[in-house]
Structure formats: C-alpha cells, structure tokens
Amino acid sequence: MLQLTHSRRRRRSTLLLAAAGLITLFALPAPAHAADGYRLWLRYVPVRGAWLNRYRRAATELVAPRKRSPTLRAAQAELERGLTGMLGQPPAVTHSVTAAGAIVIGTPRSSALIRGLALGLRRVGSEGYVIRTLLVHGRRATVIAGNTDVGVLYGAFRFLRRIQTRRPIGKLSLAARPKIRHRVLDFWDNLDGSVERGYAGDSIWKWDELPQYLSPRYTDFARACASIGINGVVLNNVNASPYVLTPLYLAKIAALAGVLRPYGIHVYLSVPFSAPITVGRLKSADPLDPAVQAWWRRKVAEVYRYVPDFGGFLMKADSEGEPGPENYGRTQAQGANLLARALAPFHGIVMWRAFVYSTNPHSQDRVKQSYDIFKPLDGKFDRNVILQVKNGPLDFQPREPFHPLFGAMPHTNLMLELEITKEYLGQQTSLVYLGTLFQEALRADTWARGRGSTVARVIDGSLYGERQTGIAGVANIGSDRDWCGSVFNQSNWYVFGRLAWNPEASARTIAEQWVRMTFTNDPAFVRPVVRMMMASREAAVDYMDPLGLASQMAAGTHFGPGPWVHPGPHMPPDWSSTYYSHANRTGIGFNRTASGSDAIGQYAPHVAAQFASLRHCPQDLLLWFHHVPWTYRMRSGRTLWDSLVRHYARGVETVKWMRRTWLKLARYVDPYRFRMTADFLTLQVHNAEWWRDASIAYFQSISRLPLPAGVAPPPDSLKAYEAFCIPYVEGTPGAGPACPPDDAPVPR
Ligand code: GCW
C-alpha cells in the first residue's frame with residue numbers, strides 16, 4: 001500500500017564518485033572463501049571425508065561438445081567451478097569419453113554422443129533435463145542432457161546441488177522439467193538507483209555505467225537465478241518511469257539482456273500506461289485510439305530491435321495513482337489487449353496486474369475490489385495476457401486467505417505474484433523464511449473444480465489447461481555485498497525459484513537444501529536451523545498480525561506496529577489499520593460474511609461456507625472474516641482476548657527461542673555470518689517485543705479486559721507507543737521522513 005510519489009532523487013557529487021573510485025582501486029580482493037554471503041548458495045566449499053573419493057571417482061573428466069553456445073559454455077564453466085571448488089581439482093575437459101567417471105553434457109543437436117543415447121528427453125520439454133549414469137563406449141559416465149542448452153545448464157546446477165548436499169552421484173536417473181513457464185523476478189528498482197521496498201542497498205542495476213560497463217555482479221546474479229530455474233526478470237519498478245522506453249535506456253537494457261541471455265533469462269519491463277503521452281507526445285493513451293495503438297506497435301518493434309528475445313511488459317494500471325484504461329472509461333481488458341496486440345507478433349506477453357483498487361473512502365471493502373473488477377472480464381483478455389494476482393486479496397500481509405480470483409477465471413491466464421522482499425515481514429533484519437508462506441499460498445484449495453483445485457494447479461495450467469503460465473516474486477536483491485541484506489533473506493530468493501519450478505515442492509526440503517549449501521551439511525547445524533526457519537513466519541504472524549488480523553503496521557514505512565493508525569485527511573481508510581481491525585468495545589475483526597461486506601461470497605461455495613462459519617473458519621483467519629466478541633470462546637476454551645494476547649506473547653517467545661538456538665551454533669558458522677545473524681536476532685527479539693507491547697497496549701485500551709494470568713503488562717503507556725515513530729526506513733518511497741512532525745516531535 002502506499003505512495004503517491006515514488007521518484008526519490010539522489011544527487012551524487014562528482015567528488016563522492018571519485019572517492020568511491022579510489023576506494024575500489026585500493027580495496028583488496030576478497031579472500032577466496034570469505035563467507036560474506038556474496039556466493040549465496042553456490043559456495044562450492046571443499047568436500048571432506050568419505051564423500052570426497054566417491055565424488056572424485058564419478059567426476060573425472062568433463063566431456064563437452066566442441067561447438068558450444070554461450071549457454072553451454074556457462075554450464076561447463078559452472079561445472080568446472082563447482083567441481084574444482086568441492087573436489088579440490090579441476091576436471092579434465094575433453095570432447096570424448098576417455099575414462100570412467102566422465103560427465104557428459106550437451107543436447108542431441110550439439111553432441112553426437114548424446115544424440116546416440118536413448119535418454120527419454122521427450123518428456124522434459126524445452127527447459128528440462130535428464131541426468132543419467134550409463135555406459136558410454138563401455139565406460140561409466142554421467143550424462144547431463146537437455147533438449148535445449150538451457151536445460152543442460154539447469155541439469156548442471158542440479159548435479160552440483162547433489163554434491164553440495166551430499167547425495168550420491170554414482171547411479172543417477174533423474175529427469176525434471178519446470179511446471180510453470182514464466183518464472184519471473186519483479187524488481188521494484190527505480191532508474192535513480194533506489195529500490196521501492198528494497199532492503200538490501202541500492203539497485204543492482206547501475207544505469208549510469210551501462211551499457212559500457214557490465215559489472216561481473218550481473219553474471220553472478222544470472223548464475224544464481226539459473227541455479228534455481230528463474231527465467232525472467234522485470235528490471236524496473238511497477239511504478240514505472242517512462243524513461244525506460246527511451247533509446248537512452250533501451251541501449252542499457254539491451255546490454256543487460258546480453259548478460260542474462262546465456263543463463264536462459266528473458267528481460268521484461270514495467271511501463272507506464274501513459275507512455276504514449278509522455279514518451280510519444282500524443283494527446284491520449286486511450287487504448288481504442290488508433291494513433292495510440294500504432295504508437296505501441298512502433299515502440300514495441302523498436303524494443304525488439306534492441307532486445308530480440310524481449311519477454312514483454314508488466315503493467316500496474318489504475319492503482320495507487322498510476323494511470324490506466326479507467327482514465328478513458330475503458331476496461332482493464334481493453335488496456336491489456338492494447339499492449340498484447342503490439343507484442344503478439346514478437347511472441348511477447350503482458351503481465352497485467354490485478355492489484356487494481358481505488359482509494360476512495362466510500363468505496364466498498366478494499367479486498368473485494370480486484371475480484372469485482374476482473375471477474376466479469378474473464379475470457380476477454382488476449383492469449384498473450386497473463387493476469388498477475390497477488391497471493392491474497394489485500395497486499396502481501398503476513399497472512400491472508402488466497403485471492404478469490406484464483407479458480408474464478410477459467411478463461412484467463414492467471415499468474416501468482418509473491419513478495420520476496422519482506423516489506424510487511426520485518427524487512428532487512430528479521431529472520432522470516434517465506435517458504436512456508438509461499439507454500440501455504442500455493443496449496444490453498446480454491447475448490448473451483450472440486451477438491452484439489454489448488455492455487456498451484458490454477459497457475460501451473462493443470463486445472464484449466466492454460467499454456468501461458470507464470471509466477472512472479474518481488475525481488476529482495478540489491479547492491480549489498482550479500483545481495484539480500486542478510487544471509488537468511490537469501491533463502492527467500494532461493495525458495496521462490498525452487499517453488500516456481502515446482503509449486504508442489506516442500507518448503508521444508510528446500511530449506512534444508514538451502515542450509516546445506518549455504519552453511520554446512522552437519523546435521524547438528526542443519527536440523528535446528530531448519531526448525532528455526534520453519535517456525536519463523538508463524539512467529540512473525542503471531543507478534544504482528546495474529547488470528548487473521550492484517551495491516552496493523554506503521555503507515556508508510558510498514559515497519560513496526562501501528563494498530564492505532566486511523567483514517568484522516570492524509571490517510572485513506574483502506575491504508576489505515578483501524579479499518580482492518582475494526583476493533584471496538586464489543587469485539588474485533590472485519591465482518592466479511594453476508595451480514596458484513598460479503599467478501600466471502602467471492603469464493604467457491606465450499607470455501608465460502610467454511611469461511612462463513614464461525615465454528616469452521618480456520619482460526620488463523622478468524623478476524624479476517626469475522627467480527628468477534630472479545631469474550632468469544634475459541635476452540636481452545638480461551639476467550640478471544642486471552643488468545644490474542646497469547647499469540648503476541650508466543651511470537652516473542654518463538655523469536656527468543658530462535659535466538660537461543662542460533663547462539664549454540666557458533667562452532668558451525670564463520671564468525672561473520674554467525675555474528676550478523678546473532679545480532680539481527682537480538683534486534684528481532686526487540687522488535688517482536690515492541691510489536692507485542694504496543695499491540696496489547698492498544699487493543700487493551702479498547703477491550704478494557706485484564707491480561708490473562710502470566711502475561712506482563714506492556715512496560716510503556718499506549719501514548720508512548722503511539723508517539724514513537726521511525727522516520728526513515730530503507731526502501732520507503734518518498735523523499736521526506738515518514739513521521740508527521742506534529743505526531744512525533746523530533747527528539748532533542
Ligand atoms: O505493497 C504495496 C507497496 C507499494 C507497491 C504496491 C504494489 C510498488 O507498499 O510500495 O508499489 O504494493 O504492489 O504496487
């Protein structure tokens with residue numbers, strides 16, 4: 001939610017730039033195994049013990065086709081890098097199998113060897129791979145093959161992962177293909193280098209240096225994406241600057257696309273709907289105006305001259321101040337098809353966001369708007385349009401029910417949008433593993449075609465048979481040395497990619513693999529850390545937004561508690577907290593049943609019946625759907641009030657337990673990552689307590705009920721919590737401080 005102005009200008013003086021240059025010149029190169037997080041999960045640290053010889057025997061030489069595309073060269077380079085790092089010696093690179101234990105890579109087209117083998121490549125499609133141990137010229141070899149070069153690259157990463165996670169590689173028979181076609185990272189990066197909701201430094205795209213200088217970081221970014229199967233990147237913020245469509249920037253974008261291409265990554269752009277006016281100097285951007293249509297056709301053709309394999313556009317229209325078809329009395333479908341028709345000849349797609357709502361004090365329940373706007377348009381979108389729908393109907397809250405559009409648009413391509421950057425979940429420092437949140441979203445059953453109509457099956461095309469399938473994650477990547485602001489934030493990038501490849505995969509298994517690759521395979525470390533990660537999101541829900549509450553955070557920054565934020569002249573109701581909690585003397589929660597906003601009516605009957613029943617509604621969504629008396633008896637026998645308070649307290653306890661757990665693990669981690677995580681957990685305990693105390697103080701002022709036995713009263717007064725405000729938070733759009741000067745006097 002939020003922000004009308006997003007153009008933060010940054011002035012860097014020439015002097016500063018010069019100073020930075022000097023620092024870079026004299027900076028010492030990082031030591032080879034510096035555990036500063038730069039290498040992500042691709043650290044390739046040496047294997048020790050019994051595994052080493054077993055792996056060495058199965059990786060004696062690397063057999064690559066003579067003629068290699070940049071993608072095959074990337075696969076080869078990765079295998080060389082990984083094997084050298086882990087096995088302590090580089091594999092001999094050859095073009096034919098000369099010894100037992102060879103690794104053979106290629107496609108039927110690039111390699112006669114692979115052409116001659118029956119590998120069953122048919123079933124893995126255009127991006128999948130087969131990894132098999134077989135006899136080649138009488139010698140045992142591991143073949144990593146795909147129908148395309150990028151399939152081989154994915155296979156190479158999978159093979160390396162087995163070594164990284166200490167799985168046998170001697171007798172392999174693996175085949176995999178992605179279930180979703182467009183697996184995209186959405187960057188909310190502005191052209192001035194700032195990142196909306198970014199908590200890991202500035203943008204990684206250095207627009208000033210492009211196209212001449214291509215930072216090696218871009219390649220490392222592409223490697224990381226390819227290692228988890230991400231095949232698309234939207235380079236810029238959905239609150240888009242028109243400049244991306246100018247030749248100046250198109251040349252820069254082309255240069256970036258050139259770096260990402262070998263790794264199977266297509267580049268996309270967010271564009272403003274008003275571009276025909278701002279860039280094209282037309283009078284209108286009306287989708288039905290032939291001049292506007294012709295402009296987009298010309299512009300798209302120009303984009304493809306720069307980037308021949310350009311992926312397409314992402315559009316935020318009619319939302320939070322962005323222009324859109326509504327300005328011309330046209331529908332979202334008419335707007336989307338305008339772009340789709342320009343892109344179709346080039347096989348480009350439009351990802352049209354369903355995050356459309358009007359911030360109008362008199363408008364109906366905010367969470368109903370998107371469904372009401374889009375549902376009637378089912379079947380009206382061109383085939384190369386994919387509607388990009390956030391996981392929940394509000395806005396990336398710690399917990400939301402699934403968005404009712406999932407399952408409700410059988411004749412429209414639908415993709416899922418997740419937020420990897422933790423805007424509402426503690427931002428840079430809190431340890432919150434989002435695998436469980438993503439998994440919950442994917443496994444939610446829409447019941448659109450009976451039991452098992454999960455969101456995963458809506459978006460992978462298996463429910464309604466769409467061919468344009470997709471999933472997007474708002475990236476958490478920035479210029480910080482560790483890419484994501486903290487080592488544990490890296491796991492969220494990782495799990496997004498893995499679930500995008502296979503939305504039915506398990507968040508726990510993925511967490512475990514990530515821990516093994518990022519830290520160590522020692523079970524004494526892996527087990528407790530995976531437990532921490534798996535508990536972490538529920539802990540955050542507990543101390544921020546328990547029992548189905550939503551949007552209780554501070555306005556603007558979305559960091560820290562703000563349950564008291566109420567509508568006012570500068571605060572539309574649906575950006576406030578009290579609008580969502582509906583806390584009053586009788587109870588708390590948003591009545592979305594038939595007697596309230598009836599948002600429940602947007603779900604399939606089976607789901608709606610469950611949500612509508614106080615008794616059967618999942619308790620963790622209770623207050624999302626119901627206004628419940630404070631004294632209501634929960635299934636546990638406790639009153640709602642007691643239960644609410646206990647959730648806040650439990651959240652804090654869980655974070656304390658996470659911290660205690662981590663502190664015992666020093667001997668398994670390098671000092672740098674150990675210390676940073678330990679200190680961040682200390683900070684998180686502090687934040688969780690702040691959330692708990694401020695929330696209890698606020699809600700108690702309304703419920704006027706005593707605290708349950710054993711719960712200590714908040715140490716400060718409600719007034720003090722309300723007055724406290726953090727003025728500047730990284731990633732918050734807008735130039736000035738987020739604290740209104742009269743509410744929060746500047747401390748002396
Ligand atoms: O969650 C909200 C954020 C805005 C963001 C918006 C969106 C890019 O607070 O910063 O704008 O969602 O998804 O468009």
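Residues: numbered from 1 along the sequence shown. The structure displayed is predicted, hence computed values, not measured ones. Both ligands and their constituent atoms are indexed starting at 1 by order of listing.
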Would you find more than 12 non-hydrogen atoms of other residues, nucleotides or ligands less than 6.0 Å from Tyr328 atom OH?
-> yes
For the student: nearest non-hydrogen atoms of [X] and [Y], plus distance:
{"X": "Tyr580", "Y": "Ala550", "value": "CB-O, 3.4 Å"}
{"X": "Thr421", "Y": "Asn476", "value": "CA-CB, 3.6 Å"}
{"X": "Thr732", "Y": "Gly556", "value": "CG2-O, 3.5 Å"}
{"X": "Trp690", "Y": "Pro561", "value": "CE2-CD, 3.4 Å"}

For Phe187, which of Trp493, Trp205, Tyr268 qualifies under ring-ring contact (aromatic ring centres under 6.0 Å, His included)?
-> Trp205
From the options Tyr579, Phe625, Phe611, select the one residue that forms a ring-ring contact (aromatic ring centres under 6.0 Å, His included) with Phe590.
-> Tyr579
Under the side chain to side chain donor-acceptor pair (under 3.5 Å) test, residues paired with Asp286 that sit two or more places apart = Arg330
May I ask you to list the atoms of ligand 1 that are less than 4.0 angstrom from any heavy atom of [X]?
{"X": "Glu196", "result": "4 (C), 5 (C), 8 (C), 10 (O), 11 (O)"}
{"X": "Val238", "result": "8 (C), 14 (O)"}
{"X": "Asn239", "result": "8 (C), 11 (O)"}
{"X": "Tyr424", "result": "1 (O), 9 (O)"}
{"X": "Lys316", "result": "6 (C), 7 (C), 8 (C), 11 (O), 14 (O)"}
{"X": "Asn237", "result": "8 (C)"}
{"X": "Phe355", "result": "6 (C), 7 (C), 12 (O), 13 (O), 14 (O)"}
{"X": "Arg197", "result": "3 (C), 4 (C), 9 (O), 10 (O)"}

Give yes if a backbone or side-chain nitrogen or oxygen of [X] is under 3.5 Å from a nitrogen or oxygen of ligand 1, and no if not.
{"X": "Glu417", "answer": "no"}
{"X": "Arg353", "answer": "yes"}
{"X": "Glu423", "answer": "yes"}
{"X": "Glu419", "answer": "no"}

Phe374 vs Trp352, ring pair (Phe, Tyr, Trp, His ring centres under 6.0 Å): CA-CA, chis, key distance, verdict | CA-CA 11 Å; Phe374 285 95; Trp352 190 269; 7.9 Å; no
If you measure from each heavy atom of Val474 to ligand 1, is any distance below 4.0 Å?
-> no
With a 4.0 Å cut-off on heavy atoms, is His558 touching ligand 1?
-> yes
